[in-house]
There are 2 protein chains.
Amino acid sequence: MTNDFKNIENWQGCPVRFGMGIFGDKWTLLVIRDLMFKGKSYYGQFQDSEEGISTNILADRLQKLERNGIIDKARDAENGARYIYRLTPKGLDMMPMMLAMIDWAERYDGQTEVPPAFIKELRRDPAGLAARLRAELEAGT
Amino acid sequence: MTNDFKNIENWQGCPVRFGMGIFGDKWTLLVIRDLMFKGKSYYGQFQDSEEGISTNILADRLQKLERNGIIDKARDAENGARYIYRLTPKGLDMMPMMLAMIDWAERYDGQTEVPPAFIKELRRDPAGLAARLRAELEAGT
DNA sequence: CCAACCACTTGCAAATAACAAGTAACCGCA
DNA sequence: TGCGGTTACTTGTTATTTGCAAGTGGTTGG
């Protein structure tokens, strides 16, 4: 056989399938959201997010993200008892996709919490917003 | 209690959470891919996609997409034994997000199958490509 | 009105996720 | 140097979801 799509590690080729192999579940993009837009970096902070991810699932997703090169993990310089998680360049490159998702969701979620100023800037200059947010994340390293 | 995030129907507010409530699984965006980029419109065509979605999951996802207003379902004019599935405007508005995903995946999937001409056009004029693809889909109605 | 097609539905087994409790590394302080 | 608190998990069990195979019912063409 040529393709074994039963194993998700083999979901390459088609770009949408490739994406689903990496973040095709309920939780992964919520962790990326926390890293990208909420200024979160620690295990405990991800756990504190209001959706209530369970700890074994969080550990599993962080490991998969690290294995896929989306995030990296290092001991925190300020407090050696914890690890700091950060987006890699590959992870940061998901910014335009995340912003496009936000743009879409803001249009259709009647209960959206996206700040009007954010959505205004997003629609006026998406690339500029992406660049600014990315620069801020890279500065905070 | 104010939020019941145990029920996925209540995943509004945050735009990423809103998205995950609708397409936060392995299969949903693959169906949308088939509708958006592969010219597929029928149940059997979705089933024939090489990832091999099982029939009960496909039925469930189509129903959820319809309920969420992403697709609509109608008897096929040419063959009344089957139904035709089409993207609604809300579904078509996911185009920029899907294109951003394709852009990202093409960069990082060493085995990508995205045609070079497509990715070139996508990076030169993403909004233009989105508009063109959307017009083609709406024409084929 | 029957055979074939098409779109599902159902039942059961396997995999994944949710929940609760426990373990281990490290830090600050006595 | 050891002890209590913090942080990040791991483990075991139960609940939910998915995958697989077989079956059902509407529609068409003959």
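Quick note on labels: first sequence line is chain A, next is B, and so on, each numbered from 1.
- Ion pairing of Arg33(B) with Glu51(B) is present here, as a side-chain N (NZ or NE/NH1/NH2) and a carboxylate O approach within less than 4.0 Å.
- Contacts of Asn79(A) with the nucleic acid, taken as non-hydrogen atoms under 4.0 Å apart, involve only primed sugar atoms and P, OP1 or OP2.
- A salt bridge links Arg123(A) with Glu106(A): at least one charged nitrogen is closer than 4.0 Å to a carboxylate oxygen.
- Checking dG12(D), dT28(D), dG19(D) against the side-chain heavy atoms of Ile57(B) singles out dG19(D) as nearest.
- Electrostatic pairing of Glu9(A) and Arg67(A) counts as a salt bridge here, judged by a charged N lying under 4.0 Å from a carboxylate O.
- Ion pairing between a basic and an acidic side chain is recognised when a charged N comes within 4.0 Å of a carboxylate O; Asp25(B) and Arg61(B) show such pairing.
- Ring pair Phe5(B)/Trp11(B) is perpendicular by interplanar angle, where above 60° counts as perpendicular and below 30° as parallel.
- Between the P atom of dA21(D) and the CD atom of Gln47(B) lies a distance of 13 Å, rounded to the nearest Å.
- Across the protein-nucleic acid pair, Lys73(A) atom NZ and dT7(D) atom P stand 16 Å apart, rounded to whole Å.
- Across dT18(D), dT28(D), dC9(D), the shortest atom-to-atom separation from the side chain of Tyr43(A) is found for dC9(D).
- A cation-pi contact links Lys73(B) to Tyr83(B), judged by a cut-off of 6.0 Å to the six-membered ring centre and 45° from its axis.
- Distances shown here put every side-chain N or O of Arg75(A) at or beyond 4.0 Å from the OP1 or OP2 atom of dA8(D).
- Taking atom CG on Leu62(A) and atom P on dT10(D), their separation rounds to 11 Å, with Å as the unit.
- Here Lys6(A) reaches the OP1 or OP2 of dC20(D): one of its side-chain N or O atoms lies under 4.0 Å away.
- Once you apply a 4.0 Å limit to the heavy atoms of chain A, the touched nucleotides of DNA chain C run 5' to 3' over dA17(C) to dC27(C).
- We find that CD1 of Ile53(A) is positioned 14 Å from P of dT10(D), with the value rounded to whole Å.
- Atom OH of Tyr83(A) is separated from atom C1' of dT6(D) by 14 Å (rounded to the nearest Å).
- Protein atom CD of Gln45(A) is 16 Å distant from nucleotide atom C1' of dC9(D), rounded to whole Å.
- Atom-to-atom, CD of Gln63(A) to P of dA8(D) comes out at 16 Å; the value is rounded to the nearest Å.
- With rounding to whole Å, Asn56(A) atom CG is found 13 Å from dC9(D) atom P.
- Checking side-chain atoms of Gln45(A) against main-chain N and O of Tyr42(A) turns up a donor-acceptor pair under 3.5 Å.
- One finds a side-chain N or O of Trp27(B) lying less than 4.0 angstrom from the OP1 or OP2 phosphate oxygen of dG19(D).
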